[in-house]
Amino acid sequence: MLATDSNAQRPPMPWFGMDIGGSLTKVIYFEPTDLDPDESNNEHENLKTIKHYLKSNKAYGKTGKRDAHLEMERCKMGGRVGTLHFIRFPTAEMSAFMALAKSKGIASMATTICATGGGAHLFEEQFREVGKELNLILHKFDELDSLIRGIHYIEACNPVNECYYFKNPMDEDQFEKVPYDFSNPYPYLVVNIGSGVSILAVYSPTEYKRVTGTSLGGGTFLGLCCLLTGCETFEEAIELAEKGDSQKVDKLVKDIYGGDYPKFDLRADTVASSFGNMNCKWRRELTSKEDLARATLATITNNIGSIARMCAINEGITRVVFVGNFLRVNALSMRMLAYAMHFWSKGSLKALFLEHEGYFGAAGCLMELLKSGN
Amino acid sequence: MDQAAALEIPHLRHLQEAKMFAIDVGGSLAKIAYFSNVPVKRAHYADNKIVSCSSGRLHFAKFEARQLESCLNFIREQGPPTEIRATGGGSHRRKELIQKALGPQCTIYLEDEMKCIVTGANFLLRNIPHEVFSYEKRDNFKFKPNDTNVFPYLLVNIGSGVSIIKVESETSFERIGGSALGGASFWGLGSLLTGTRDFDELLQLAEEGDHRSVDTLIGDIYGSDYVGLSADTIACSFGKLSRVHATSATNNGGDNNNIRDNVNPADLARSLLLVISNDIGQLASLYALSHNLDRVYFGGYFLRSRPLSMHTLSFAVNFWSKAKVEPLFLRHEGYLGAIGAYLAGDKSAMISDKVSWAENYACSSLAGVPGTAPSHLEMDLFEWPMVSCPLLKHPEKYTADTVDLTKDAPAREYWLDCFENAITKFVEVAVESQKDKIDAEERGQAVREKYLEKIKYLRLNPCVYGSLTVRSLLDMREQCLLEFDFADPYMVQKRTENQLALGELKKRITHLDSIADDVERQTELVIGLLAGNVFDYGAKEVVRLLQEAETKNESFGFERANSLLQKRPWLVDNLDQWLERAKSHVHKCAAIFVDNCGADFVLGVVPFARELVRRGTRVMLCANARPVLNDVTYDELRLLAEQIASICPVWNQALRDGRIKLQDSGQSSPCLDFARIKRQTAEELSLCDLLVIEGMGRAIHTNFNTEFTCDSIRGAVLKNKWLAKRLGGDMFSVVFKFEAKDNVTKE
């Protein structure tokens, strides 16, 4: 649908798409599965090495990870059919990644790397330096174009399961992921929660605008958690948050009014002030790392929810799609968002989620490359 | 901040006379409001007496919430209140404590918090001059005239959390949203991150820090600007902390106990303040846009006039709303709830068509000093309503003051020096006027000290009382005098001068009437008006000349004053235009705002007014409500008018049949604020087609550039060398500015 099938215009394999974000770099690798025997035999040795290395591991170096559960088979791309692999590593490890790329023999191939995200700009020089040595050519693509294109591509490849919403989101036992038919989604809002947050309004496959953003995002969550709890990774921070109780940390309506504030529909256990109890010594002493992590998560999540909700109202949009790696292994935030959007809009807004949370930019960027035909 | 200083007994003044209490108890701070009939001295010109009476005053004070009990105990000791209006979350939670502290005789009425905040905001917006300001960069305060059309607006109250309220009228409002990221989040999270426990210290820390070491900026991600976001925009708050961590994890094998040691607490505090302020600004603009509101006022006790928070909020609102929403701040942001709770109990104060209020600068502490929350605020009650003058062409944009000293550093320095140097002599006169009182010297000293202290603060923070102007310096001085019972230092002087001038009036009138040529007579009348204006006891140079004449035993009369005047053409000289206008046109009604007693009024204004009356114009003479310097007061005006009537039959007749009317401007200032004129007078003013404003205070320091909907004359003699030079003239330069109402000139 999106790419041309003219062999002549295709860039040479391997096909990578890279989204270099503020914290994480997301990589998509397209492994062709429609090789005819001829092609198979002639496949470059290094290409085989790369394929083998990527497929046989789930972890690369100390920090690189492959999300095997997200792998998508029989995807059509650039006139070819193949499997999409999803890989991520911390942007801070970019030089290690380059060293790895070198050691795995990309050096001997004339390869085009397409990249989007801030890092595509920030690391451009570095890429060019290494590129000379490695025969790498860097193609930069716009990050928001890539995001939107990626969402549409992945959703089209995975029409049944990609998009979902939560039923009974706040019910610990009853909550349920329910598939959502995203075939006619326009207009919708995309809330991309990476290190920071970007909010886009999408009106058609090609029309969109950036509405707003906030610096309170996934990077804030991790940064604050590291400092407050001494945790080291996002996974750890999420695990702590799952066990914690934010009510010990936050000032609730009942802490201020002694009960409900019925005149304005504020229930006793509504959060009046995030971290509002932490200026008080005895409260601090009763608080665990887990509680602090939970409060941090809740603060960031609810704030994003508020901003998203107001944007949706101001733009006259009812579908709000949350994406980005902040939502990875983070059902808690998704459920909170689902609940908040529904509750505060009195049911008029719907929070939607996509399975491939943070990989749309990388996917879209690869699509752009194939479209551009090199 | 010194916590002990927050509840100093002197701040709870006039408790014995207090009635009507209100309290706003928040999570960390409490504010109290009460009304007292404060004992004051008032001058009775007719009897040449100073009498004791009382004047209504509203008091507001803040203290730490944990001092609630001791504060209430103190109040009870001074006289147990019978009722108190209470608002704020803490009033609900601590109602029993309040009841116990105040005693069983006291009824506690719990008032709705949002309603109090809204009522308080409305009250401030309507009553307190220069309450509202916008803030852009450091020290760029821009004070707004009191808008007669305040509704609708968005009120964002930043307390522990944030409440977002749409206010549509005096009584109708709606809480349309809120946010849990508010003042207590800054305090709580700030405590956790930095180990600093005190709110003000945290704010101070934030001013000192550099967030770039902890926040990920657009430049860190993109290497430069990105789609309209500059490189120094924060992309991810606290984003570098996990990176610090990542580095330390690889460097020392996951030992991250040192993360906190690697980060400067001040940088964390700053990052936190920025992210919370920005977030509030962003939400405020989203809510304003979704409800079509073009301005947002920030209240609560979070900002505390901190430049960093105000700048961030302003920037965020402007940025996110694409400048469609104006971010505005309130000098008394922390008192909204307390004021509202008070008003809930005192319905009379609510009724704005019966009374008016004004801030007492002498007794209020420093609102608007960056970093200093105003700990004390007093407002004087005036038993008459004040409204905007109907003759203003642009009432919504009107600001009385000609020069804003906060924006004009050389002028500020000059005037602060000038007032500082003059205070000693000024106090001497006041003390001399009460030399029969044994404590006069002591009180005089107190006036001097208080005034000098204020000047000292104003040098550091020119915006403490709103815009700093010559008017505010003059008014503050008068309020300091009154606070220490110097009701009218010039009373005796004024009587003497008036008697002298009345003695010369007949001669002056005869002389004027003998001039047959209309133009010549009109010219002489205008010169007389100006010569009279030399007699100004507020002017240092004039006082010097008068004393010099006195020591030489010479008389310093009207003729001598006349000889001091600049020769024509004057500095501003529209005399020919006025003569032309007067020749072809008879005004229906002229309002004259008079200046000084003695020759100024009697020999200058009176003949001028008399001529107008003779030509068929009705005349309204407008004077101050209360004494200030040697300016004519309304009471004096009434007495003088009768005395003049016994000298001049034309005057007598006109006074009897209402062609001369006497009006009280409602003000007590050597300057003139047309935004606040006694309503009854303002109604009469609407009939006027000629406005005459006389004197430096009313026509130069204020209203010099004001446009009116009718013909106007501004006449003054510049008795200040610096000011004269600045306007391009010399000592005793003359300003005679005549402006015809635009469409009238085409007749």
Side-chain angles (χ1 to χ4, degrees), chain A residues 21-23 62 90 92 117-119 121-122 124 144 194-196 210 212-220 222-228 230 232 234 249-251 255-259 261 263-264 266 271-281 284 292 299 302-303 306-307 310-311 313-314, chain B residues 27-28 89-90 92-93 112 114 160-161 175 177 179-185 187-189 191-193 197 199 214-216 218 220-224 226-227 234-243 245-247 249-250 254 256-257 259-260 263 268 275 278-279 282-283 286-287 289-290 320:
Chain A
S23 317
K62 273 184 188 162
H121 303 262
L122 187 68
E124 193 174 357
L144 302 180
S195 305
R210 185 176 192 273
T212 192
T214 167
S215 68
L216 267 170
T220 315
L222 183 55
L224 283 177
C225 273
C226 287
L227 210 62
L228 293 173
E232 298 187 5
F234 181 73
V249 178
D250 297 339
K251 200 182 273 273
D255 292 327
I256 300 179
Y257 296 99
Y261 190 169
K263 191 171 169 192
F264 298 104
L266 295 172
V271 181
S273 174
S274 302
F275 287 90
N277 280 337
M278 290 299 94
N279 59 318
C280 172
K281 190 160 177 272
R284 276 199 300 272
L292 290 172
T299 303
N302 285 328
N303 191 63
S306 271
I307 292 173
M310 286 312 296
C311 287
I313 292 170
N314 287 359
Chain B
S28 51
H92 292 255
R93 268 189 304 113
D112 178 70
M114 297 299 156
S160 296
R175 186 185 190 275
S179 166
L181 215 49
S185 310
W187 197 6
L189 199 45
S191 300
L192 287 172
L193 292 173
R197 308 293 182 225
F199 188 89
V214 294
D215 290 346
T216 309
I218 287 288
D220 295 325
I221 300 180
Y222 295 90
S224 62
Y226 175 70
V227 290
I234 301 171
C236 174
S237 298
F238 299 108
K240 280 182 187 150
L241 293 179
S242 52
R243 226 179 260 182
H245 161 71
T247 321
T250 33
N256 68 344
N257 292 334
I259 293 179
R260 230 182 261 209
V263 187
L268 292 170
V275 72
N278 185 65
D279 194 62
Q282 184 173 15
L283 282 169
L286 284 168
Y287 277 99
L289 290 175
S290 83
W320 296 115

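Chain letters run A, B, ... following the sequence lines, proteins first, then strands; residues in each count from 1. The shown structure was predicted, so the numbers you read here are calculated from the model rather than taken from an experiment.
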Top of A/Leu292, A/Leu222, A/Val249 for chain B proximity - count of heavy-atom pairs under 4.5 angstrom: A/Leu222
Quick one: list whatever passes side-chain hydrogen bond (donor to acceptor under 3.5 Å, both in side chains) with B/Tyr226, sequence neighbours left out. none
With respect to chain B, which residue among A/Gly118, A/Gly223, A/Ala272, A/Cys225 yields the maximal number of heavy-atom pairs within a distance under 4.5 Å? A/Gly118
Has the side chain of A/Ser273 got a donor or acceptor atom that lies under 3.5 Å from a matching backbone atom of B/Gly182? no
Cut-off 4.5 Å, heavy atoms of chain B, and the answer for A/Asn277 is neither
Chain A heavy atoms under 4.5 Å from B/Asp112: which part of the residue, side chain, backbone, both or neither? both
Residue selection (most heavy-atom pairs with chain A, distance under 4.5 Å) from B/Gly90, B/Gly183, B/Ser160: B/Ser160
Could you look at A/Asp255 and say if it's the side chain, the backbone, both or neither that has a heavy atom under 4.5 Å from chain B? backbone
Tell me, for B/Leu189 versus chain A, whether the close heavy atoms (under 4.5 Å) come from the side chain, the backbone, both or neither. both
Any side-chain heavy atom of A/Leu227 sitting closer than 4.5 Å to one from B/Leu193? yes
A/Leu224, A/Ile313, A/Leu216: which one forms the most heavy-atom pairs within less than 4.5 Å of chain B? A/Leu224
Return the option, out of B/Asp279, B/Asn278, B/Val275, B/Leu289, with the maximum number of heavy-atom pairs under 4.5 Å with chain A. B/Asp279
Close side-chain approach of B/Leu283 to B/Trp320, heavy-atom, < 4.5 Å: no
With a 4.5 angstrom heavy-atom cut-off, which part of A/Thr299 approaches chain B: side chain, backbone, both or neither? side chain
From NE2 (B/His92) to OH (A/Tyr261), nearest 0.5 Å: 6.5 Å
Which bit of B/Phe199 is near chain A, if near means a heavy-atom gap under 4.5 Å: side chain, backbone, both or neither? neither
Under the 3.5 angstrom rule, does the side chain of A/Ser23 hit a backbone N or O of A/Gly219 as a donor-acceptor pair? no
Taking every non-hydrogen pair under 4.5 Å, which of B/Gly188, B/Gly177, B/Gly161 racks up the most with chain A? B/Gly188
Results of side-chain hydrogen bond (donor to acceptor under 3.5 Å, both in side chains) for A/Arg210 - residues two or more places apart only: A/Ser198
So which part of B/Arg197 gets closer than 4.5 Å to some heavy atom of chain A, the side chain, the backbone, both or neither? side chain
Does A/Ser215 offer a backbone N or O that forms a donor-acceptor pair with the side chain of A/Thr220 under 3.5 Å? yes
